[in-house]
Amino acid sequence: MQSMANKFQAIIETPNMIIPLSDGCWLAARVWMPVSAEDLPVPAILEYIPYRKRDGTLPRDETMHPYMAARGYACVRVDMRGNGDSDGLMVDEYTAQELADAGEVIAWLAAQPWCSGSVGMMGKSWGGFNSLQTAALRPPALKAVVTVCSTTDRFEDDIHFKGGCLLGENVGWGAVMLSYSSRPPDPNLRSDWRELWLKRLEADQFLAMVWASHQARDDYWKHGSVCEDWSAIEVPVLSVGGWADNYMNTVSHLVMNLKSPVQGIVGPWIHQYPHMAVPGPQAGFLQIALRWWDRWLKGDLNGAETDPAYRAYVLHSAPPNPSGAHRAGHWVAETVWPSTRVTQKTLALSPGRILGGAGGTLDIKVATPQTLGLAAGEFFPMGLNAEMAGDQAGEDALAASFDAPPLAEPMQMIGSARLSLRLSCDRSKALIVARLCDVAPDGASVRIAHGMINLCHRDSRETPSAVPVGQPIDIGLTLDQMAYRLAPGHRLRLSLSTTYWPFVWPSPEAATLTLLSGSLDLPIHEGGTQEEWVPPPAEGGPAWKHRVKRPGRAARRVEHDLLSGLVALVVENDEGDIENLDHGLVSGGSMSERWSILPDLPLSARSEIVWTQRISRGEWSVRTEAQTQMWSDENYLHFRAQLQAWEGEALLFDRVTEHKVRRSFV
């Protein structure tokens with residue numbers, strides 16, 4: 001039993017509560033609740049993810065869930081089917097089975113004697129996704145949602161495709177999940193751990209090739225995309241995102257479209273909860289969430305429903321820093337969204353590569369080297385290992401860049417920019433990437449927002465078509481949401497490229513676009529730099545009890561072979577090995593990625609990723625290794641995966657799979 005000081009309630013933890021499902025499967029949960037809950041039932045808050053309560057998210061869980069339990073909630077951290085210490089097998093993300101299980105778990109929680117009958121659902125990333133997706137199914141006991149770093153559109157705004165472009169993170173995340181799903185349950189909790197582990201290894205597949213086979217917005221992607229029917233979500237939703245994460249659009253989409261009570265907060269953060277995220281300033285996410293839960297799960301009339309609809313941290317001009325621990329800025333609070341304080345300003349793309357001016361006819365070629373994009377950073381940065389976008393100046397020089405004059409006064413933008421282009425293309429398949437940048441007087445360039453479109457998807461995401469070679473076409477491209485204030489003396493730059501490696505998988509042939517005309521619509525915000533909202537300070541529970549047995553290390557570098565011309569982005573991250581002092585499990589992992597390409601040959605693109613997982617306790621140890629590769633030719637995307645598992649020093653499992661996916665307008 002753990003006690004919390006001051007006015008908070010004493011809580012009790014159940015490390016492995018069993019939740020039965022109707023098909024005979026059961027899920028394992030770690031639960032914290034007030035000691036008094038059996039006599040005075042409390043609402044339940046569910047976090048339901050595949051990342052292993054016993055070791056995976058444990059360091060984070062222990063700073064969050066006991067904190068909320070001490071304030072009058074039963075916090076339930078569930079391992080999804082096929083993961084951690086739960087039964088069953090997992091075959092894909094966000095399946096109908098996953099969501100049905102969530103509905104059963106919510107009903108089971110509501111029926112427990114320690115639960116008041118009201119359930120909230122929360123989570124970051126996967127847990128944020130399935131919180132929204134479950135809400136759309138309307139389980140009766142689900143009363144509110146808190147979703148962090150999530151999406152409403154699985155095709156347009158996730159790790160697989162963006163603007164119809166195949167993202168490099170599709171194969172990257174496929175490698176992650178192949179590795180994560182290869183780990184066994186804890187033998188201290190399941191005597192059948194070995195049998196279940198072997199079943200999981202057999203079922204574990206390299207999902208990147210499954211995702212890549214759906215190259216248009218088909219029913220596969222519509223499933224789980226709550227934007228297909230906004231009205232399906234009837235419960236109150238609090239949505240939180242970060243400008244350094246690539247799920248920054250979700251907050252705006254939810255606030256604009258939901259009819260139920262909804263609020264959004266976007267800070268400067270990466271893909272982490274705001275009370276532990278960088279770059280700072282951090283915010284008291286737990287206090288903000290508690291206010292939301294108290295209003296909608298307990299019925300407290302605390303006024304949470306009257307808080308601003310949209311709160312955004314406006315980034316100020318600063319030097320580029322892919323490992324920046326803090327961003328200068330200020331908070332803006334909007335009572336309605338879209339804001340009445342935002343007006344559209346249109347800048348023409350003018351001859352002389354001027355952004356602004358009189359516009360007119362252009363004849364500008366866009367044909368960038370395949371290596372452009374190495375300064376893009378990760379799709380969802382997780383830390384400070386140079387994972388955020390770096391100085392864009394070198395890539396601006398390789399792109400077709402349009403510069404506005406230096407600003408005499410600051411310019412503040414909140415919302416999304418819209419780019420309209422008329423162009424022609426010399427290939428039937430091509431893409432275009434737009435980056436909006438803040439250029440300082442010294443020439444350093446900071447990416448404010450970006451967007452991309454596969455030109456085959458210019459008219460429809462559902463029914464793409466070949467680009468008519470040599471014929472003028474009209475393109476509309478909406479860049480990602482932003483909140484940014486440019487300083488006087490800085491310039492706004494629009495940079496256009498036909499490549500963005502390894503963020504985007506390249507088109508099969510190097511294309512040349514000819515810009516004929518264009519304009520950029522900007523969301524100009526009239527506010528100043530006064531703080532319109534001050535978030536509570538970051539709080540959290542005590543850190544978990546652990547011992548570092550072997551420290552980790554990380555590296556990120558670009559390699560250039562001067563003989564072959566091959567350029568590679570290499571990312572290495574060894575997490576070390578850490579012992580849990582409560583239950584003795586030692587866990588660790590390591591990863592290496594290599595993204596290589598020749599500057600003038602798109603079909604040379606290759607991804608090679610290796611993930612290793614290590615788990616041990618005393619004399620017992622297991623290890624898994626997942627090696628994946630992706631490459632392409634003109635007609636196919638090729639995938640190879642090898643999954644190996646050892647118990648002690650004995651190789652227990654070894655499987656190689658190879659698969660190719662026909663390219664369809666990608």
Side-chain angles (χ1 to χ4, degrees), residues 19-23 25 27 29 41-50 73-78 80-81 92-112 115-155 157-158 219-240 247 250-251 253-264 289 292-300 304-305 309:
I19 301 177
L21 300 175
S22 59
D23 64 355
C25 184
L27 304 183
V42 296
I45 300 172
L46 170 65
E47 184 178 19
Y48 170 71
I49 48 179
Y73 291 89
C75 296
V76 185
R77 167 63 181 84
V78 174
M80 281 170 33
R81 180 188 295 250
D92 202 348
E93 56 184 13
Y94 321 122
T95 62
Q97 181 70 68
E98 174 185 332
L99 301 182
D101 288 353
E104 287 199 50
V105 169
I106 289 169
W108 185 88
L109 293 174
Q112 298 312 297
C115 182
S116 66
S118 293
V119 179
M121 194 169 179
M122 59 84 67
K124 174 182 74 73
S125 198
W126 196 308
F129 279 48
N130 64 25
S131 292
L132 292 173
Q133 294 165 2
T134 301
L137 298 178
R138 303 176 186 171
L142 183 64
K143 304 302 182 183
V145 161
V146 175
T147 180
V148 180
C149 299
S150 62
T151 191
T152 62
D153 191 331
R154 293 184 59 217
F155 184 70
D157 234 1
D158 195 7
D219 289 341
Y220 179 86
W221 299 118
K222 292 178 183 178
H223 166 78
S225 291
V226 298
C227 62
E228 292 293 307
D229 181 8
W230 296 108
S231 67
I233 296 179
E234 297 180 339
V235 298
V237 173
L238 173 64
S239 177
V240 180
Y247 292 123
T250 300
V251 175
H253 292 166
L254 287 169
V255 175
M256 286 178 61
N257 291 288
L258 290 188
K259 301 304 180 186
S260 61
V262 58
Q263 291 173 12
W292 193 254
W293 297 133
D294 284 349
R295 175 64 184 91
W296 302 112
L297 298 186
K298 291 183 176 178
D300 290 356
E305 71 276 14

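No experiment lies behind these values; they were computed from the predicted model shown.
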(Q) So Pro261 and Trp296, do their side chains get closer than 4.5 Å, heavy atoms only? (A) yes
Can you give each donor-acceptor pair under 3.5 Å made by side-chain atoms of residues 229-238, sequence neighbours left out, with the distance rounded to 0.1 Å?
| from | atom 1 | to | atom 2 | distance (Å) |
| --- | --- | --- | --- | --- |
| Asp229 | OD1 | Ser231 | N | 3.2 |
| Asp229 | OD1 | Ser231 | OG | 2.5 |

Q. So, do Asp153 and Asp158 sit near enough that their side-chain heavy atoms are less than 4.5 Å apart?
A. no
Q | Gap between atom CG of Leu254 and atom OG of Ser260 - 0.5 Å precision | A | 9.0 Å
(Q) If I take atom CG from residue Leu132 and atom OG1 from residue Thr151, how far apart are they, to the nearest 0.5 angstrom? (A) 9.0 Å
Q. What pairs meet the salt bridge (Lys or Arg N to Asp or Glu O under 4.0 Å) rule with one or both residues in residues 125-136, with sequence neighbours excluded?
A. none
Q) Is any side-chain heavy atom of Lys124 less than 4.5 Å from a side-chain heavy atom of Cys149? A) yes
Q: Tell me, please, which residues at least two apart from Ala304 pass side-chain contact (heavy atoms from CB on, under 4.5 Å).
A: Arg291, Arg295, Asn302, Asp307
**Q.** Ser225 (side chain) donor-acceptor with Arg154 (main chain) under 3.5 angstrom
**A.** yes
Q: Looking only at non-hydrogen atoms, find the nearest pair between Ala44 and Leu297 and report the distance.
A: O-CD1, 4.1 Å
Q: List the atom of Trp293, the atom of Ala144, and the distance in Å for their closest heavy-atom pair.
A: CZ3-O, 3.7 Å
Q: Ignoring hydrogens and angles, tell me if any N or O in the side chain of Thr152 forms a donor-acceptor pair with the backbone of Cys227 under 3.5 Å.
A: no
**Q.** Closest non-hydrogen atom pair, Cys115 against Val119
**A.** SG-CG2, 4.5 Å
Q) If you measure from OH on Tyr73 to OG on Ser118, what distance do you get to the nearest 0.5 Å? A) 9.5 Å
Q | Least distance between heavy atoms, Val240 atom then Val251 atom | A | C-CG2, 3.8 Å
Q: Carefully, step by step, assess Thr147 and Thr250 under the rule side-chain contact (heavy atoms from CB on, under 4.5 Å).
A: CA-CA 10 Å; Thr147 180; Thr250 300; 5.7 Å; no
Q. Is there side-chain contact between Ser116 and Val42, with at least one heavy-atom pair below 4.5 Å?
A. no
Q) Is there a donor-acceptor pair closer than 3.5 Å between any side-chain N or O of Glu47 and the backbone N or O of Met122? A) no
Q. Looking at residues at least two apart in the chain, or sitting in another chain, which of them share a ring pair (Phe, Tyr, Trp, His ring centres under 6.0 Å) with Tyr220?
A. His214
Q | Contact check, side chains of Gln263 and Trp292, non-hydrogen atoms, under 4.5 Å | A | yes
Q.
Quick one, Pro43 and Lys298 - any side-chain contact, counting heavy atoms below 4.5 Å?
A. yes
Q | Value rounded to 0.5 Å, distance of CG in Leu142 from CG in Leu137 | A | 10.0 Å
Q) Taking the side chain as C-beta and beyond, is there a heavy-atom pair between Leu46 and Val78 under 4.5 Å? A) yes
Q) What are the two closest non-hydrogen atoms of Ser150 and Gly128, and how far apart are they? A) CB-C, 3.6 Å
Q: Take His223 and Leu99, measure what side-chain contact (heavy atoms from CB on, under 4.5 Å) needs, and give me the verdict at the end.
A: CA-CA 11 Å; His223 166 78; Leu99 301 182; 4.1 Å; yes
(Q) Per the side-chain hydrogen bond (donor to acceptor under 3.5 Å, both in side chains) rule, what does the pair list look like for residues 97-110, sequence neighbours excluded? (A) Ser22-Glu104, Arg81-Asp101, Gln97-Asp101, Glu98-Trp126, Glu98-Asn130
Q. Excluding sequence neighbours, so at least two apart, what forms ring pair (Phe, Tyr, Trp, His ring centres under 6.0 Å) with Tyr247?
A. Phe129, His271, Phe379
Q: State, with a plain yes or no, whether a side-chain heavy atom of Val76 is found less than 4.5 Å away from one of Ile45.
A: no
Q: Drop me the distance from Thr95's OG1 to Met80's CE, to the nearest 0.5 angstrom.
A: 7.0 Å
